[in-house]
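Quick note: residue numbers are just sequence positions, from 1. Counting convention: from 1, in listed order, for ligands and their atoms alike.
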Amino acid sequence: MIGKRKLLPSLVKSLIMDPKSPEFILDPPLHSLGFVFEELSATRVSGRLTVTDKCCQPFKVLHGGVSALIAEGVASVGAGIASGYKRVAGIHLSIHHLRPAALGDSVFAESFPVSAGKNIQVWEVRLWKTKKTENKKLVSTSRVTLFCGVPIPDHVKDAPDQVKKIVSKL
Ligand SMILES: CC(C)(COP(=O)(O)OP(=O)(O)OC[C@H]1O[C@@H](n2cnc3c(N)ncnc32)[C@H](O)[C@@H]1OP(=O)(O)O)[C@@H](O)C(=O)NCCC(=O)NCCSC(=O)c1cc(O)c2ccccc2c1O
């Protein structure tokens, strides 16, 4: 259907992704929304996003699914690092949406492991809205459970090395 619609210039622009950016390599859906990673380690992963139209639900607040996407993404990257660059797979995610983040707000995501076992990790992810004039306010809190050690098929066997390269540079 999209082929029959007239694409607006801003939408076309928003569909262009940079395949060389760390975000594209680590998490293309997050990259497409403008998310930028700040810290990447086995004990902490963080990043930022400006709430734009493409992140919003009809009432112009951050879509709950986008908050969950951020949680899944940052927890997965962190668990991958903490597992020694094994392939991880999220198996459960729970989220509480405590406050709306409005169009134009800046949101900051921070995450840390609650438990980092050999097979199962649990990560806490907090999303804050950060206004220069106000103290930061909690938008959502998530728990993500991940299984570490999923077999890696041949066609993506270089994925862990790509992640390692980005982590060593950041
Ligand atoms: C759900 C809550 C409003 C409940 O708040 P509660 O009464 O429990 O607590 P407080 O009164 O203390 O308020 C907490 C906090 O929220 C602020 N707030 C409350 N109401 C509003 C409001 N109308 N507008 C703006 N802000 C409000 C209040 O000021 C407090 O903040 P402080 O900074 O002052 O402390 C509240 O928990 C809440 O708003 N939670 C966030 C809900 C949310 O954003 N959910 C995710 C988006 S929803 C979604 O994804 C979605 C997707 C779709 O595709 C849709 C499609 C079609 C329709 C709807 C869709 C949709 O909603």
Exercise for the section: Considering only protein heavy atoms, determine whether one is less than 4.0 Å from atom 10 (P) of ligand 1. Expected result: no
Exercise for the section: Specify whether the nearest protein heavy atom to atom 15 (C) of ligand 1 is under 4.0 angstrom away. Expected result: yes
Completion exercise
Looking only at non-hydrogen atoms, the one of Glu134, His97, Lys137, Lys129 nearest atom 43 (C) of ligand 1 is His97
Problem - Proximity flag Val66 to ligand 1, non-hydrogen atoms under 4.0 Å - result: no
Handout entry: Expected output: side-chain Arg87 to main-chain Gly149 donor-acceptor under 3.5 Å
Key = no
Problem - Side chain Ser111, main chain Val45, donor-acceptor under 3.5 Å - result: yes
Practice task
State the CZ-CZ distance between Phe112 and Arg44, to the nearest 0.5 angstrom.
Solution key: 9.0 Å
Handout entry: CZ on Phe35 to SG on Cys55, rounded to 0.5 Å
Key = 11.0 Å
Fill in the blank from the handout: With heavy atoms and a 4.0 Å threshold, my read on which part of Gln57 contacts ligand 1 is side chain
Exercise for the section: Just need the protein heavy atom nearest to atom 59 (C) of ligand 1, so name the residue and atom and give the distance. Expected result: Phe59 CE1, 3.9 Å
Exercise for the section: Could you tell me whether atom 45 (N) of ligand 1 has at least one protein heavy atom nearer than 4.0 Å? Expected result: yes
Practice task
Measure from atom 51 (C) of ligand 1 to the protein's non-hydrogen atoms and state whether any distance is below 4.0 Å.
Solution key: yes
Practice task
Using a distance threshold of 4.0 Å (strictly less than), state whether atom 1 (C) of ligand 1 has a protein heavy-atom neighbour.
Solution key: no
Practice task
Tell me yes or no: between the side chains of Glu110 and Ser46, is some donor less than 3.5 Å from an acceptor?
Solution key: no
Practice task
Evaluate whether atom CG of Asp161 has more than 12 neighbouring non-hydrogen atoms of other residues, nucleotides or ligands under 6.0 angstrom away.
Solution key: yes
Exercise for the section: Return the residue, atom name and 0.1 Å-rounded distance of the protein heavy atom closest to atom 36 (C) of ligand 1. Expected result: Leu98 O, 3.3 Å
Fill in the blank from the handout: protein heavy-atom neighbour closest to atom 32 (P) of ligand 1 works out as Arg99 NE, 3.2 Å
Problem - Leu98 backbone acceptor or donor facing His96 side chain under 3.5 Å - result: no
Practice task
Check each atom of ligand 1 against the heavy atoms of Gly64 and keep those under 4.0 Å away; list them by number with element.
Solution key: 46 (C), 47 (C), 49 (C), 50 (O)
Handout entry: Protein heavy-atom partner closest to atom 47 (C) of ligand 1 - residue, atom, separation in Å
Key = Leu62 O, 3.4 Å
Problem - atom 7 (O) of ligand 1 touched by protein heavy atom at under 4.0 Å - result: no
Handout entry: Heavy-atom nearest neighbour in the protein, as seen from atom 54 (O) of ligand 1, with distance rounded to 0.1 Å
Key = His63 NE2, 3.1 Å
Problem - Distance in Å, Lys86 NZ paired with Lys118 NZ, rounded so as to fall on 0.5 Å steps - result: 8.5 Å
Exercise for the section: State whether a side-chain donor-acceptor pair under 3.5 Å links Glu124 with Thr141. Expected result: yes
Handout entry: Cys56, Pro58, Ala101: member with heavy atom nearest to atom 60 (C) of ligand 1
Key = Pro58
Handout entry: Side chain Lys129, main chain Ala102, donor-acceptor under 3.5 Å
Key = no
Problem - Identity and distance of the protein heavy atom lying nearest atom 39 (O) of ligand 1 - result: Pro100 CD, 3.1 Å
Practice task
Using a 4.5 Å cut-off on heavy atoms from C-beta on, say whether the side chain of Leu26 contacts that of Phe37.
Solution key: yes
Practice task
Kindly state if atom 29 (O) of ligand 1 has a protein heavy atom within a strict 4.0 Å cut-off, that is, under 4.0 Å?
Solution key: no
Practice task
Check whether Val125 and Leu69 end up in the same hydrophobic cluster, where Ile, Leu, Val, Met, Phe, Trp and Tyr are linked by side-chain heavy atoms less than 4.5 Å apart.
Solution key: yes
Problem - Flag: protein heavy atom within less than 4.0 Å of atom 21 (C) of ligand 1 - result: no
Fill in the blank from the handout: Honestly, for Val139 the part within reach of ligand 1 (heavy atoms, under 4.0 Å) is neither
